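Please read these numbers as outputs of a predicted model, since none were measured by experiment. Residue numbers start from 1 in every chain, and the chains themselves are labelled A, B, ... in the order their sequence lines are given, proteins ahead of strands.
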Amino acid sequence: MSPRITAAIAARVLTQLRRDHRTLVIMLVLPCLLISLLWWMFDDLPGDTFDRLGPALLAMFPFIVMFLVTSVTTLRERSGGTLERLLAMPMGKLDFLFGYAIAFGLVAAVQSALAVALSVGLLDLSIEGPVWLLTVVAVGDAVLGSALGLFVSAFARTEFQAVQFMPALVIPQILLCGLFVPRFALPEILEAVSDVLPLSYAVDAMQQLTTSASTGEVWTDLAVVAAYAVAGLALGAGTLRRRSE
Amino acid sequence: MMNNAVEVASLAVVRGRREVLHGLDFTIPVGQVTGLLGPSGCGKSTLMRVLVGVQAGVTGTATVFGEPAGAKALRHRVGYVTQAPSVYDDLSVTENLAFFARVLGVDRAEATRCIEAVDLVDHADDVVARLSGGQRSRASLAVALLGNPSMLVLDEPTVGLDPVLREDLWQMFHRLADDGVAVLVSSHVMDEAERCDRLLLMRDGVFIADGTPTEIKEKAGVDDIEQAFLAIVRGEAA
């Protein structure tokens, strides 16, 4: 692995994104619009539903968006011959993976900063813990999404298939992350499943930050998310074969 | 003094359950343009992928400059152009070249030199997606020239190009060979054969002829390579 090559890949991915105005706007603005929509829905109702659901959404957006973007872009690299060319050059697999993770991690940081600023600043989402930590959790989620996206891109032959992996891998995590039914109230088997899904920990971390000023548990949750992201990258590295059929 | 860039013995490749290359033995010398000619699907691309070290299912030996094909030390020394232009559609020609130059650790001036070498200076700032097919494959070729590689493996680099430009590129291949580069060019167009110093004619995963264009034509007793190809195939069938 070489810092020069990793940086070259991250810079290239960012240049490509900068070119693609539509994708960039969707990535940065859409989460803000959806959070505003959620706030508006509950605005006239009694209770603090927005405070309960908002943090979970802040955890989900970077995860979903980065999953989609990474799986499609790496699939393009695989099918377009550029990955083959890079693998015939002095590029390590980790350069490729970390290059992508860094680029999308940065985009996720901007995306989350915007969403968090909007939620806390304009929409009065109440946060007990430090606001910056909310962004750190969001970046962790984004890297997790990138890692999983990279991994599944190995199993898709077309961009159409890659997009279909989203409902298969992401929606179950959304359903079981504690957003609809608190995780402890789930049937035993589903609770066990929920315990091994990484998004559950990301949502736990976000909810912890909104309800309590102590950050110990947040770091534990964040460590679990990071571990899953590293495992995803390692699996992704396994699918990048220098020699292929 | 090593004169052979590539030395291959009993090379076979299995893809899926099918063997696509069947026990090849050959060498590729430095300082020559070697043409790998044969119909599409005969195994040319697979063979080239073996030489750059990205093909799986390989048995036998393939060495490039004395190292196993694809060895780490070779990745700076071998320039490779895949059949489909492998450059980023959403970046400009300059941005593509600058990116690959950074991966290879060569400077920006080298990127400019390679853009000039393939005559894309006028389109240097155009996004690749807006270029014609020929311009795109030249952009891809420019990447392979980065860092003055000792061997060039070019998979159909001249397909669909304007004849004038094709002539220019062949002249460039010969200039590079004169400087001591081993140039391997594949084509399914038999009329490009005459431009090579040496030919490997391929069909169904085996070589049916190996020699200079003149030798091959004389041996088959005909005046062009297409006829020679037919004569050899019919001779084998008989």
query = A/M89 and B/R75: which non-hydrogen atoms are nearest, and at how many Å?
reply = O-CD, 3.0 Å
Region of B/Q83 in contact with chain A, defined by heavy-atom distances below 4.5 Å = neither
query = Tell me, side chain or backbone of B/V13 under 4.5 Å from chain A's heavy atoms, or both, or neither?
reply = neither
inquiry  = Under a 4.0 Å threshold between the charged nitrogen and the carboxylate oxygen, would A/E84 count as salt-bridged to B/R49?
reply    = yes
inquiry  = Given heavy-atom pairs under 4.5 angstrom as the criterion, report whether the side chain, backbone, both or neither of B/S140 touches chain A.
reply    = both
task = Report, as yes or no, whether the 6.0 Å neighbourhood of atom CZ on B/R130 holds more than 12 heavy atoms from other residues, nucleotides or ligands.
result = no
key: Contacting moiety of A/R242, where chain B heavy atoms sit under 4.5 Å   = both
Contact class of A/L83 relative to chain B, heavy atoms under 4.5 angstrom = neither
request  = Evaluate the side-chain proximity of A/S244 to B/Q55: yes if any heavy-atom separation is below 4.5 Å, no if none is.
outcome  = no
Heavy-atom check, side chain of B/F100 versus side chain of A/R85, under 4.5 Å = yes
ask   = Which bit of B/A69 is near chain A, if near means a heavy-atom gap under 4.5 Å: side chain, backbone, both or neither?
value = backbone
ask   = Do B/V103 and A/L86 come close enough that some side-chain heavy atom pair is under 4.5 Å?
value = yes
Atom group of B/V87 that falls short of 4.5 Å from chain A, counting heavy atoms = both
request  = Against chain A, label B/A144 side chain, backbone, both or neither, depending on which of its atoms sit under 4.5 Å from a heavy atom there.
outcome  = both
Test side chain to side chain donor-acceptor pair (under 3.5 Å) applied to B/Y88 and A/R12, step by step = CA-CA 10 Å; B/Y88 298 96; A/R12 189 212 80 215; 2.8 Å; yes
Residue part contacting chain B, namely of A/A11, when any heavy atom lies under 4.5 Å = side chain
